[in-house]
Amino acid sequence: MTPSILLVDDIPSNLRILYESLNGRDYRLLIANGGAQALEIARRSHPDLMLLDVMMPDLDGFDVCRQLKADPATATIGVIFLSARDAAADKVRGLALGGVDYVTKPFHPEEIAARVAIHCTILRMDRELASRNRQLELVRDRILSSMTEGVVGLDAGGQVEFANPAATALLGAAMLDLPLAAWQPPDLSETVGRVLGGQDQFTVAELDLAATGTAPLPVELRVAAINARPLPAPASPRPPADPAGQPHPGGGDDPADAPGAGGAVLVVRDLRERQRVAAALAETNNALRQSHRELKVAQMQLIQAAKLETVGQLAAGVAHEVKNPLAVIQLGMDFLEQTLTLDQTSATVFADMQQALLRADTVVRGLLDFSRERGLDLTPDSLNRLINVSLQLVRHELVQRNIKVITELASALPEQPFDADKMQQVLLNLFMNAMHAMERDGTLRIATGLHRLRDEELGPQARAAGFLGGDLALRLLIEDSGPGIAADHLDRLFDPYFSTKPMGEGTGLGLSVTRNIVNLHRGSIDIGNRDSGRGARVVLLFHADAAPLPPTRDGATSIAAAVAGEPAPATAQSVSSPPTEVPRGEETHPAGG
Ligand SMILES: Nc1ncnc2c1ncn2[C@@H]1O[C@H](COP(=O)(O)OP(=O)(O)OP(=O)(O)O)[C@@H](O)[C@H]1O
Ligand SMILES: [Mg+2]
């Protein structure tokens with residue numbers, strides 16, 4: 001842009017000389033013949049530079065300059081005074097009023113041209129600098145406004161010079177309007193005051209502004225002195241003096257160099273995020289501790305299981321050793337029974353011995369079952385058939401105890417791979433347990449069916465056996481009307497040797513053997529109390545889709561038919577409709593009833 005220059009002189013010949021000195025160069029020239037006119041043109045046209053005569057009748061040059069500088073609209077116009085007064089005092093006065101130069105008359109036209117050229121260059125550079133400054137300020141403002149951390153600039157007197165939006169949000173606009181001494185809490189103004197006063201170069205403080213009602217937040221505040229030198233490294237506490245004994249430059253003797261001389265910067269951070277992270281960490285930590293505890297428990301259980309395994313093996317060894325002598329005794333007693341004629345007393349003693357022998361044999365067989373080889377002889381079989389066969393085996397006892405049996409066996413059950421002998425052992429154990437619990441006059445309910453499992457009904461045993469909600473399972477329910485199971489016994493039922501039966505009547509191995517066998521079939525067993533009414537409830541689950549399903553023996557058509565029939569299928573066996581394979585006495589009610 002072409003610089004515009006206003007030439008001011010009340011003497012026309014002087015004006016002409018000025019005009020001719022600059023005419024023909026790249027300037028736009030304006031002319032005023034007095035102080036008042038100069039001001040008027042300056043306000044209207046905003047020239048870049050003014051060549052201003054000092055002595056003029058209406059308004060002298062110094063007054064014109066004073067008025068120009070007083071008005072922000074004209075204050076940036078560069079003023080070069082022209083005067084015949086060459087006293088140093090005049091020059092100083094002119095420059096003090098804001099003039100950029102002072103030229104004494106008479107002057108050489110070339111000198112005027114040269115000075116004007118220099119001042120135009122300076123003016124242009126000034127403008128460029130100002131524009132660059134504005135750009136930098138914009139960038140700085142953009143950075144400061146996008147920061148999530150608050151930044152506050154304080155001057156040396158503790159007055160807020162600037163604050164970014166985050167700082168205003170975190171500290172509150174009201175607080176930033178107050179003088180530093182009035183900031184709350186008092187430790188805040190004290191902390192900042194120490195930095196401004198040069199006692200500290202840098203400090204960090206955590207403040208809960210919510211407690212003072214100034215802001216709703218806990219914040220972390222970092223206060224650094226502007227102009228602060230880097231903190232001395234811990235290893236070299238003081239900079240060494242130079243050989244002349246003078247303090248090292250920057251050693252701190254210059255007051256302008258003192259820390260805090262230029263004010264301070266506050267960086268404010270919202271502590272809630274950190275607190276949230278800390279809380280989340282604590283939570284994770286707790287969860288970890290919890291799973292650690294659970295792991296420990298599981299480990300203890302494993303150790304316990306390993307111990308039991310050893311005990312089992314030991315027991316099996318002992319049982320094996322005892323089995324043969326028992327067989328010899330049994331043979332001997334059979335022989336004696338046939339060859340001797342016993343009187344009444346001897347016959348009673350003999351019968352007791354037979355009883356004891358039987359008992360010993362049961363215990364030994366139990367021990368051997370408990371520790372037997374873990375293998376199955378699987379063939380497709382019907383669960384219903386196995387139930388009926390097992391019921392037949394306990395028929396006599398059921399009748400004696402006057403126990404009523406209700407069977408609800410789904411007719412369309414698919415055959416499953418079962419080890420028939422072992423499954424019978426399972427069923428017998430469970431039936432015997434129920435009978436022993438009821439003692440006399442109870443009801444034993446046995447139900448089978450295909451069942452779509454719901455997630456919430458899966459106990460730990462079922463989950464351990466791999467059952468998931470939505471799976472189709474072959475389910476067997478055995479319910480009795482006995483006293484049920486005490487809450488503190490529920491966890492121990494499957495422990496080997498756990499029994500509530502009187503000494504010598506139960507080995508406590510029945511359920512652990514049962515569970516082993518069921519687990520070998522990839523099934524699960526859960527025992528608890530019935531939801532309604534008195535008594536215990538045993539639930540056995542087998543994977544219905546565990547193996548290819550051969551046609552059922554009773555000619556059942558499909559799984560769908562069996563599922564559709566539950567919970568009490570149309571063909572369910574009940575008191576009034578005995579199944580073909582179960583002898584009458586068992587499922588109606590005890591013989592003689
Ligand atoms: N139907 C049931 N009702 C009440 N308690 C039961 C029932 N079934 C099992 N129990 C409890 O579980 C315990 C353990 O049973 P488990 O079959 O393992 O051994 P046991 O029956 O005592 O001995 P054994 O099986 O050698 O005769 C029983 O002593 C009894 O307390
Ligand atoms: Mg038992």
Side-chain angles (χ1 to χ4, degrees), residues 304-305 308-309 311-312 315-316 318-319 322-323 326 355-372 387 390-391 393-394 396-398 400-407 421-447 459 461 475-520 523-540:
Q304 181 69 5
L308 286 173
E309 178 94 26
V311 171
V318 173
V322 174
K323 209 170 64 142
L326 278 182
Q355 272 290 319
L357 193 60
L358 211 69
R359 173 83 207 126
D361 188 56
T362 312
V363 171
V364 165
R365 258 189 292 120
L367 285 173
L368 284 172
D369 280 342
F370 173 64
S371 53
R372 188 154 294 160
I387 291 168
S390 307
L391 274 176
L393 296 175
V394 288
H396 181 65
E397 190 138 4
L398 283 167
Q400 277 205 329
R401 290 171 182 264
N402 193 33
I403 288 170
K404 183 164 116 185
V405 180
I406 300 175
T407 53
D421 284 349
K422 293 220 164 64
M423 278 304 290
Q424 271 188 39
Q425 198 181 339
V426 164
L427 295 166
L428 285 178
N429 272 333
L430 297 174
F431 295 161
M432 296 296 281
N433 278 355
M435 285 193 299
H436 291 157
M438 291 186 283
E439 294 181 11
R440 288 193 63 78
D441 302 328
T443 304
L444 176 65
R445 176 174 172 261
I446 304 163
Q461 307 285 347
R475 183 172 67 170
L476 164 61
L477 294 180
I478 302 172
E479 292 179 345
D480 62 55
S481 58
I485 296 155
D488 55 335
H489 290 170
L490 281 171
D491 284 349
R492 303 163 59 196
L493 295 181
F494 295 102
D495 289 354
Y497 309 111
F498 172 76
S499 174
T500 54
K501 290 177 183 165
M503 205 39 187
E505 279 183 31
T507 60
L509 288 172
L511 284 179
S512 48
V513 171
T514 296
R515 185 164 72 178
N516 278 350
I517 296 174
V518 172
N519 288 163
L520 283 172
S524 71
I525 174 169
D526 269 297
I527 304 186
N529 290 313
R530 290 166 60 187
D531 295 335
S532 54
R534 218 168 78 112
R537 181 178 200 253
V538 183
V539 184
L540 268 75

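Atoms within each ligand, like the ligands themselves, are counted from 1 in listed order.
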Donor-acceptor pair, D480 side chain versus A536 backbone, under 3.5 Å?
yes
Quick check against the 3.5 Å criterion: does S524 have a side-chain atom that pairs as donor or acceptor with the backbone of Q461?
no
Measure the distance from atom 27 (O) of ligand 1 to every protein heavy atom, then report the residue, atom name and distance (to 0.1 Å) of the closest one.
K501 NZ, 3.2 Å
Check step by step if side chain to side chain contact (heavy atoms under 4.5 Å, CB included) holds for T514 and L427.
CA-CA 8 Å; T514 296; L427 295 166; over 6 Å; no
Tell me the protein N, O or S atoms under 2.8 Å from the Mg ion (ligand 2), in chain and number order.
N433 OD1
Are side-chain heavy atoms of H436 and K501 found at a separation under 4.5 Å?
yes
Under 4.0 Å to a heavy atom of F498 - the qualifying atoms of ligand 1, by number
13 (C), 14 (C), 19 (O)
In terms of residue, atom name and distance, what is the protein heavy atom nearest to atom 22 (O) of ligand 1?
S499 OG, 2.6 Å
Within a distance under 4.0 Å of any heavy atom of L493, pick out the atoms of ligand 1 and give their elements.
11 (C), 12 (O)
Is any side-chain heavy atom of L444 closer than 4.5 Å to a side-chain heavy atom of I478?
yes
Work out whether the distance between some heavy atom of P483 and some atom of ligand 1 is less than 4.0 Å.
no
Look at atom 1 (N) of ligand 1 and find which of L428, D480, T362 reaches it with the closest heavy atom.
D480
May I ask you to identify the nearest protein heavy atom to atom 15 (O) of ligand 1, giving residue, atom name and distance to one decimal place in Å?
L511 CD1, 3.7 Å
Is there a nitrogen or oxygen of H436 sitting under 3.5 Å from a nitrogen or oxygen of ligand 1?
no
Set of side chain to side chain donor-acceptor pair (under 3.5 Å) partners for D421, sequence neighbours left out
none
Interfacing atoms of ligand 1 (cut-off 4.0 Å, heavy-atom, A437):
2 (C), 3 (N), 4 (C)
Going by heavy-atom distance to atom 24 (P) of ligand 1, choose the closest among I485, I478, D495, T507.
T507
By salt bridge (Lys or Arg N to Asp or Glu O under 4.0 Å) - contacts of R515 (at least two apart):
none
Roughly how far, to the nearest 0.5 Å, is CG of L540 from CD1 of I527?
8.5 Å
Does some non-hydrogen atom of N429 fall short of 4.0 Å from ligand 1?
no
Given side chain to side chain contact (heavy atoms under 4.5 Å, CB included), test F494 with I525 step by step and report yes or no.
CA-CA 10 Å; F494 295 102; I525 174 169; 3.8 Å; yes
For N529, is there any backbone N or O sitting under 3.5 Å from a side-chain donor or acceptor partner on R534?
no
If we only count N/O pairs under 3.5 Å, is G508 in contact with ligand 1?
yes
For E439, the side chain to side chain donor-acceptor pair (under 3.5 Å) test, sequence neighbours excluded, returns none
Show the atoms of ligand 1 that are less than 4.0 angstrom away from any heavy atom in A536.
1 (N), 2 (C), 3 (N)
Please check whether N433 reaches ligand 1 - meaning an N/O of the residue sits under 3.5 Å from an N/O of the ligand, judged on distance alone.
yes
Go through the steps to decide whether L509 and Y497 satisfy the test side chain to side chain contact (heavy atoms under 4.5 Å, CB included), and finish with yes or no.
CA-CA 5 Å; L509 288 172; Y497 309 111; 3.7 Å; yes
Which ligand 1 atoms are under 4.0 Å away from a heavy-atom of T500?
28 (C), 29 (O), 30 (C), 31 (O)
I517 and N429: side chain to side chain contact (heavy atoms under 4.5 Å, CB included), yes or no, with the steps?
CA-CA 11 Å; I517 296 174; N429 272 333; over 6 Å; no
